[in-house]
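Remember, it's a predicted structure, so these values are computed and weren't measured experimentally. A, B, ... follow the sequence lines: proteins, then strands. Residue 1 opens every chain.
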Number of protein chains: 2
Amino acid sequence: MALEHAILVSLLEQPGSGYELARRFERSIGRFWTATHQQIYRVLKRMEGDGWVTAEEVGQDGRPDKRSFSVAGQGRAVLVEWLRAPVQPEAVRHELAVKIRGAAFTDLAGRASLITEVERYRAEHEALLGRYLNGEKRDFPDTSSLDAGQRLQHAVLRGGIAYERMLLDWLDDVLDTLRAL
Amino acid sequence: MALEHAILVSLLEQPGSGYELARRFERSIGRFWTATHQQIYRVLKRMEGDGWVTAEEVGQDGRPDKRSFSVAGQGRAVLVEWLRAPVQPEAVRHELAVKIRGAAFTDLAGRASLITEVERYRAEHEALLGRYLNGEKRDFPDTSSLDAGQRLQHAVLRGGIAYERMLLDWLDDVLDTLRAL
DNA sequence: CTGCACATGTAAGAAGTTACATGATTGA
DNA sequence: TCAATCATGTAACTTCTTACATGTGCAG
């Protein structure tokens, strides 16, 4: 329900093509809202039809032409209205937690393979935390000279960093628990 | 893809009816995998057809009859196999983060209403943390005498507690940022 | 000449949400 | 008698995922 709004925010921060949006969803926005290019093109088409965004053909040399999207007045109004509405309770889906509880019903070999998997998962998130910290150093080197948009982006990034740190600590706790079984 | 597996874990911990499962998904399991009763009944039916679970009619007095489900050998095998597979990268959907970044594109009144909303959201999660901590005191009063299943359940609960604590800290950070704008 | 980045889509199917539907018992 | 809890579903709809489809230009 909020993919539209995530796209509107991203286009307000910087207009761009469907392809560029998909890239952003892989990197920055995707930290808190994932979407594939198929979803993005579909929603973009609907939003264009509804007058929320407008497209401009951009010819490029050495590259295929693209359609660059910008937020129209109506789209901005929709976003502002949505910002005033209460946050919907989010649907939690944490597969690893299901597997950890499931570990009670497998044998020693099964638990050993889960430990390996948790270690792999931990390494992945350690790398992700590293990327967040690098991004923070790159994009927010001087926190005293940021505009409103940048300060808010930084606050959201700090949330990602706090989440990854909490996750790594918890995964260590889980590994201890699994090994002590 | 993993609702089946969440149900299998829950039924292995304790057999029960679709209704009872729905209640558990509202409370304990729902901390890391949400599902409505409609989904549960649909998946339960499919799993019964595939021989993953078996149902037993239980007559009750003073209450409607129910069908109590237990995990069959085949269901257990499916679960054990799934436990060995790598964890799928999860789809993150954090509406509040989108709204925070969106706050750059609204006016003072819009930002004020977002602050109120973040405060409400924070109070909700503070209450949730309280429930987790109460549940911990109730279900795990003596951590030295727990079996494997309980120790794993406790580890997952500690994850929920760590998440909520991290979230509250971050929300305070966000409120400071929004107020300073 | 092969693979990758750029660029935009369609189609089928799986999964999830929302609304509707029924009916018994218990406690206020 | 009214609401809540227990108990089980169907139907319609929306959304998401996965697979397929096409074409250019550049770098190795």
Side-chain angles (χ1 to χ4, degrees), chain A residues 1-7 10-11 15-27 29-30 32-50 53 55-69 88-95 98, chain B residues 1-8 10-11 14-27 29-30 32-50 53 55-69 82 87-95 98:
Chain A
M1 266 305 206
L3 175 55
E4 290 90 328
H5 307 109
I7 289 176
S10 190
L11 287 178
S17 69
Y19 187 85
E20 281 163 356
L21 278 171
R23 311 251 64 199
R24 290 184 217 167
F25 272 83
E26 267 174 35
R27 307 195 209 290
I29 305 278
F32 47 89
W33 204 277
T34 49
T36 60
H37 80 274
Q38 292 92 335
Q39 271 178 282
I40 291 166
Y41 281 118
R42 197 166 355 104
V43 170
L44 232 27
K45 191 185 231 178
R46 187 173 69 232
M47 290 200 294
E48 197 188 0
D50 292 344
V53 297
E56 191 197 352
E57 311 285 330
V58 180
Q60 303 178 110
D61 33 58
R63 285 181 190 180
D65 293 357
K66 64 175 182 179
R67 308 187 66 223
S68 186
F69 291 92
Q88 296 295 114
E90 52 253 14
V92 185
R93 297 278 145 96
H94 202 322
E95 202 182 303
V98 180
Chain B
M1 266 305 204
L3 175 55
E4 290 91 325
H5 306 109
I7 289 176
L8 287 172
S10 191
L11 287 179
Q14 177 81 50
S17 68
Y19 186 85
E20 281 162 357
L21 278 171
R23 309 252 66 199
R24 289 184 216 168
F25 272 82
E26 266 174 37
R27 305 195 211 288
I29 305 276
F32 47 89
W33 205 275
T34 49
T36 59
H37 80 274
Q38 292 90 336
Q39 272 177 281
I40 290 166
Y41 280 118
R42 199 167 354 109
V43 170
L44 231 27
K45 192 186 229 180
R46 188 173 70 233
M47 290 200 293
E48 197 188 1
D50 294 343
V53 297
E56 193 198 349
E57 312 285 330
V58 180
Q60 303 178 111
D61 34 59
R63 286 182 188 178
D65 292 357
K66 62 177 184 180
R67 307 187 66 222
S68 185
F69 290 92
W82 176 75
V87 177
Q88 297 296 114
E90 52 252 15
V92 185
R93 301 278 145 97
H94 202 322
E95 202 182 303
V98 180

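Put simply, the side chain of Arg42(B) does not reach to within 4.5 Å of the side chain of Lys45(B), judged on heavy atoms. Residues Glu4(A) and Arg46(A) meet the side-chain proximity criterion, which asks for heavy atoms closer than 4.5 Å.
Between the side chains of Ser10(B) and Arg24(B), at least one donor-acceptor pair of N or O atoms lies under 3.5 Å.
Side-chain atoms of Tyr19(A) lie closest to dA7(C) of the nucleotides dG9(D), dT17(C), dA7(C). Side-chain proximity of Arg93(A) to the nucleotides dT8(D), dC16(D), dT17(C) is greatest for dT17(C). With dA5(C), dT17(D), dA7(D) as the choices, the nucleotide that has an atom nearest any side-chain atom of Ala91(B) turns out to be dT17(D). Closest to the Lys45(B) side chain, of the nucleotides dT10(D), dT8(D), dT17(D), is dT10(D).
If you check every strand for non-hydrogen atoms under 4.0 Å, Arg42(B) touches a base. Residue-level contact check: Arg23(B) touches the backbone only, with heavy atoms under 4.0 Å from sugar-phosphate atoms and none from bases.
Nucleotide dA7(C) holds its P atom 14 Å from the CZ atom of Arg67(A), rounded to whole Å. Residue Glu26(A) contributes atom CD, which lies 13 Å from atom P of dA7(C) at whole-angstrom precision. The separation between Glu56(A) atom CD and dT8(C) atom P is 13 Å, rounded to whole Å. If you measure from atom CD of Gln39(B) to atom C1' of dA11(D), you get 15 Å, rounded to the nearest angstrom. Rounding to whole angstrom units, CG of residue Leu3(B) and C1' of dC16(D) are separated by 16 Å. With rounding to whole Å, Arg46(A) atom CZ is found 16 Å from dG9(C) atom C1'. The OH-C1' distance, from Tyr41(B) to dC20(C), rounds to 16 Å in whole Å. The nearest whole Å value for the distance from the NE2 atom in His37(A) to the P atom in dA5(C) is 15 Å.
Nearer the 5' end of DNA chain D, as judged by each residue's closest nucleotide, is the contact made by Gln38(B), out of Gln38(B) and Thr36(A).
No option in Glu20(B), Glu57(B), Glu56(B) other than Glu20(B) meets the side-chain hydrogen bond (donor to acceptor under 3.5 Å, both in side chains) test with Lys66(B).
Remark: Ser17(A) is not in phosphate contact with dC6(C), judged by side-chain N or O atoms under 4.0 Å from OP1 or OP2.
The main-chain N or O of Ala91(B) is never found under 3.5 Å from a side-chain atom of Arg93(A) such that the two would form a donor-acceptor pair.
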